Asks: 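Sharing a structure here in structure tokens format.
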Amino acid sequence: MSPAEKLERIQTYAARIRTIRFDAFDSSFWKSNAVEAYSALVDGKLDQYIPMVSLPSGGLLPNLHTLKWRADESRTLAEATLRAVSYFLHSSLKHLYISGVFGRVIGLGQVVQYGSVQYGPFFQTLTTMENLKLKSLNLRMGQSTGALADEVIPCLRRHQNTLVHFSAWTPEFVSHFQTELYGLPHLRSLEVIVNHFPQAVGFIEGLADARPGMEVLNLSVSPISGRHEPQPLWSAVKRLRKLTKLHLKIPEVKNLQEEDARSMKEAWPALSCLYIMSSQGWSTPGFGCSQDFLSAITRHFSKSLRTLGLHFAPNIRSSASISPVRFEKLELLYIEAWSQPDDPEALARYLAQILPNGAILKGSWHQGWNQIVDILERERARDPVRATDPLKIPEILIRVLELADSRGRVAAACVCRRWSELALDLIWRDLKELAPYFNLLFLLKNIDESHLSAAEMLERIKSYGARIRSQRVDVLRSFFNALLDDSGAVELYRALYEGKLDQYLTTASLPTSGLFPNLRTLKWRTTSSKTSVDATIKAVSYFLNPSLKHLELSRIAGNAIAPFLQTLNAMDDLRLESLKWNIDVDTEGLLQAGDEVRLFFLQHQEHLRHFSTRDPVFVRHCQKEICGLSRLQSLKAVADDEIQAAGFVEGLADQAPEIEDLSLGVHLSERCSGWQGLWDALKRLRKLSTLHLRVSNIGELKEEDARSMSVAWPALSRLYVLQSHPTVAVFDPTFLPTPDSGLSLDFFNAIAQHFSQSLTTLALSLGPSRCSPLPINPVRFEKLQTLYIQSCFTPEDRETLQEYFTQVLPPSGSLIW
């Protein structure tokens, strides 16, 4: 084919394109022979190709109608991205979507700022193109657009007679260009974010006056706005009488009643899509839509709603007498709930009554909601229509594959395409060894040994990496397993543990910001005798990603933690929910990393719910920062002595009163002043459901202590009071307490009397010198599943004592001596 024929074919294909969706990262390696052109496009340097093929510089695709461009802010300069978008601008363009243009590069261990982003030329281009008449404009850019009034205002006015949809997820945009948004006469759909409630109310009031015909509104109020009564905002939104879709995200969803649902129906008779969500990312106790409000929504919107999303509070008491009404047209119910429902079965039955056949239940919720989903799936599986062909029911097929072992899932992945996708998701979702993934990387480096091309192998690596949600890494075990298997993974394991995996990432063209883009849980266990702390920290950094929520680091010793914390602090979108920090750092190392430690806790204080450390040095120097985790629900820590432990717990009671699970190890020293201070501090934590106390010398507790415990902790279900080694304060099942310590049988009897209705697990250390006569009619625990007795002595009448413990246990309970 001659060059002229090739050029004519290119122009013919380009003229046919109406819609383009471009991802600056995913698309850059779509075709192996297009890498050079993709790189030039992403870098805004495509001009060298345009003269070569004689294409018009005013637009590569002359009939393009829709352009959706997603930049990768972690690797692309904003100015280069905007130049790249300009290649596709043409008079035929009607819908333009741009996201991810923030003008910064985020790498491992650093954030490189490139100054203020030059948005001006881009807005000038949108303004000066004479025949360009945009109908929808979606901008998700950086924070400096407010300084561009001279460019942005003419752009909005240039398109004011054609714009029907506008979106800007930058609070600055609303602050600076509110008047211009009101001046868009044909606007029907708007998506914006504002900084605080008063601004939101004022903006909506103005919008109702200027644009009462608004049909679609997506409004998000920043979580930093603080607490405000939402009623003024609801009153303003209800003035938009033509709404068909409303997506509202506010810091706290509360106080919505039957009357609110009725007034919503009166205000929005044509509403088909309703989302009421929280913008905070967590659930405040007592806040959220109640089941009564959901029932009211079903009554008033049963015939119109197709999509419903609610920030739900399942444990706000509802009126049992209300008869549920079934939605007639609902296709999706999206639930956002971060608290476990008290009665999952009752809630599942209620949802089954209001959801029509075929409606999908999805959401972001507490793991306790999984039981509700299971119940709904079982109900739907009984439907004779759906049960005729199980292969067409993904939710049933996925449950079947979950019951299969790894070999069965591999076999299922080879059956057909429908089975393969679900089976591969399960195979790669929870990766216990890195070897399967590393073997693929090894094949990519030695592509001649594979039956796949480099491009095909790369796509396979990406698809498998994107499926991984949980990763466990045990340094020595994984390495030696790879040696035994004699696989190519040995070479990559060695590179990983030495912190030299970059050479393989360059070969595979994978992002350095995270091997697994959807990884949520990383559990890393190493041994300092084989691996340096510097190399270990760098190895862990390969797996860090904004999607990561749960991070566990164990058996790492060393002081070089500052670079690792710098990496965590530099990731703006990282929001850890749980952190297990078992890194042994001495005082000098903590002092060197003090600023980074404080910055880490400051960035995560509103998100971290579970924290664990076994290092008393860390607790000693970071006690203030740990207590500042206001959303903390679970904590495991070790204190130097009873005095420090009491002060630590007092700080938790003041700043993190919602804590439910506390595991505390205490070293008792000669300056110990007794137990009373620690117990008084513990009793201030009123929400405790689990208390695990490990001490080197147990003081005497009496019947009055058991009674005050039941008053302080009414929801307590698991109680451990055990003796541990005096130097480590970590429970060891083989360790026996000293003969002169331990709790008395009187205290055990008091626990049985006051906690018989609630405890499911009880572990106590009993002392021989504190035995007393056994009660004639012992109180039986009703829910106790495990009773663990720790003792260093052999009782004189062991059979009688064991029979007594058997009497206090329910039939299903087990005794461990």
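For reference, positions follow the sequence shown, starting with 1. Keep in mind that this is a model prediction, so the values were computed, not measured.
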Asks: Name all residues meeting the salt bridge (charged side-chain N to carboxylate O under 4.0 Å, His left out) criterion together with Asp405; count only those two or more places apart in sequence or in a different chain, and write none if there are none.
Replies: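 If we apply the salt bridge (charged side-chain N to carboxylate O under 4.0 Å, His left out) test to Asp405, skipping adjacent residues, there are no hits.
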Asks: Is there a side-chain contact between Ile276 and Phe293 (heavy atoms, below 4.5 Å)?
Replies: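 Side-chain contact under 4.5 Å: yes.
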Asks: For a quick check under 3.5 Å, do Ser708 and Lys683 share a side-chain donor-acceptor pair by atom type?
Replies: yes
Asks: I want to check something: taking the side chain as every heavy atom from C-beta on, are His610 and Leu632 in contact at a cut-off of under 4.5 Å?
Replies: no
Asks: Is any side-chain heavy atom of Leu403 closer than 4.5 Å to one of Arg399?
Replies: no
Asks: Looking at Asp654 and Arg684, is any side-chain nitrogen of the basic one under 4.0 Å from a carboxylate oxygen of the acidic one?
Replies: yes
Asks: Which heavy-atom pair separates Leu219 from Ala200 by the least distance, and what is that distance?
Replies: CD2-CB, 4.4 Å
Asks: Taking the six-membered ring for Trp, are Tyr334 and Phe312 closer than 6.0 Å centroid to centroid?
Replies: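 Not under 6.0 Å, so no.
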Asks: Could you pull out all residues at least two apart from Tyr464 that satisfy ring pair (Phe, Tyr, Trp, His ring centres under 6.0 Å)?
Replies: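 Here the qualifying residues are Trp428.
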Asks: Run the side chain to side chain contact (heavy atoms under 4.5 Å, CB included) check on Met214 and Lys242 step by step: do they pass?
Replies: CA-CA 6 Å; Met214 187 69 59; Lys242 298 294 182 68; over 6 Å; no
Asks: Between Glu205 and Arg239, does any NZ, NE, NH1 or NH2 come within less than 4.0 Å of an OD or OE carboxylate oxygen?
Replies: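 Glu205 and Arg239: salt-bridged.
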Asks: Between the side chains of Lys549 and Thr521, is a donor N or O closer than 3.5 angstrom to an acceptor N or O?
Replies: no
Asks: Any ring-ring contact (aromatic ring centres under 6.0 Å, His included) involving residues 233-265? Give me the pairs, sequence neighbours left out, ordered by first then second residue.
Replies: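 Listed by first then second residue: His247-Tyr275.
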Asks: Mind checking whether Pro811 and Arg780 have side chains closer than 4.5 Å, heavy atoms only?
Replies: yes
Asks: Using the side chain to side chain contact (heavy atoms under 4.5 Å, CB included) rule, take Asn545 and Phe516 through it: C-alpha gap first, then chi angles, then the decisive distance, then the call.
Replies: CA-CA 8 Å; Asn545 192 280; Phe516 308 136; over 6 Å; no
Asks: I need the Leu635 CG to Leu664 CG distance, nearest 0.5 Å.
Replies: 7.5 Å
Asks: Compare all side-chain heavy atoms of Leu426 with those of Ile398 and state whether any distance is below 4.5 angstrom.
Replies: yes
Asks: With the threshold set at 4.0 Å, does a side-chain nitrogen-carboxylate oxygen contact exist between Glu421 and Arg467?
Replies: yes
Asks: Can you find a heavy atom in the side chain of Trp713 that is under 4.5 Å from one in the side chain of Leu691?
Replies: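 In short, these two side chains touch, coming nearer than 4.5 Å.
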Asks: Looking at Leu784, Val779, Ile751, which hits side chain to side chain contact (heavy atoms under 4.5 Å, CB included) with Ser756?
Replies: Val779
Asks: Any ion pair linking Asp430 and Arg472 (charged N to carboxylate O, less than 4.0 Å)?
Replies: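 Yes, this pair counts.
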Asks: Between Tyr350 and Ser295, do the side chains contain a donor N or O and an acceptor N or O under 3.5 Å apart?
Replies: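 The criterion, which ignores hydrogens and geometry beyond distance, is satisfied for Tyr350 and Ser295.
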Asks: Should Leu759 and Arg718 count as side-chain neighbours, where that means a heavy-atom distance under 4.5 Å?
Replies: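 Answer no - side chains too far apart.
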Asks: Using the test salt bridge (charged side-chain N to carboxylate O under 4.0 Å, His left out), find all partners of Glu258 that sit at least two apart in sequence or belong to another chain.
Replies: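 Arg299.
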Asks: Evaluate the side-chain proximity of Phe166 to Ser189: yes if any heavy-atom separation is below 4.5 Å, no if none is.
Replies: no
Asks: Which residues satisfy the salt bridge (charged side-chain N to carboxylate O under 4.0 Å, His left out) test with Arg241, sequence neighbours excluded?
Replies: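 None.
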Asks: Out of curiosity, Leu576 CG to Leu522 CG, how far, rounded to the nearest 0.5 Å?
Replies: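 It is 10.0 Å, given to the nearest 0.5 Å.
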Asks: Salt bridge or not between Glu658 and Lys687? Use side-chain N to carboxylate O under 4.0 Å.
Replies: yes
Asks: Report the residues that fulfil salt bridge (charged side-chain N to carboxylate O under 4.0 Å, His left out) with Glu782, sequence neighbours left out, ordered by chain and then residue number.
Replies: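 Glu782 satisfies salt bridge (charged side-chain N to carboxylate O under 4.0 Å, His left out) with no residue once adjacent residues are dropped.
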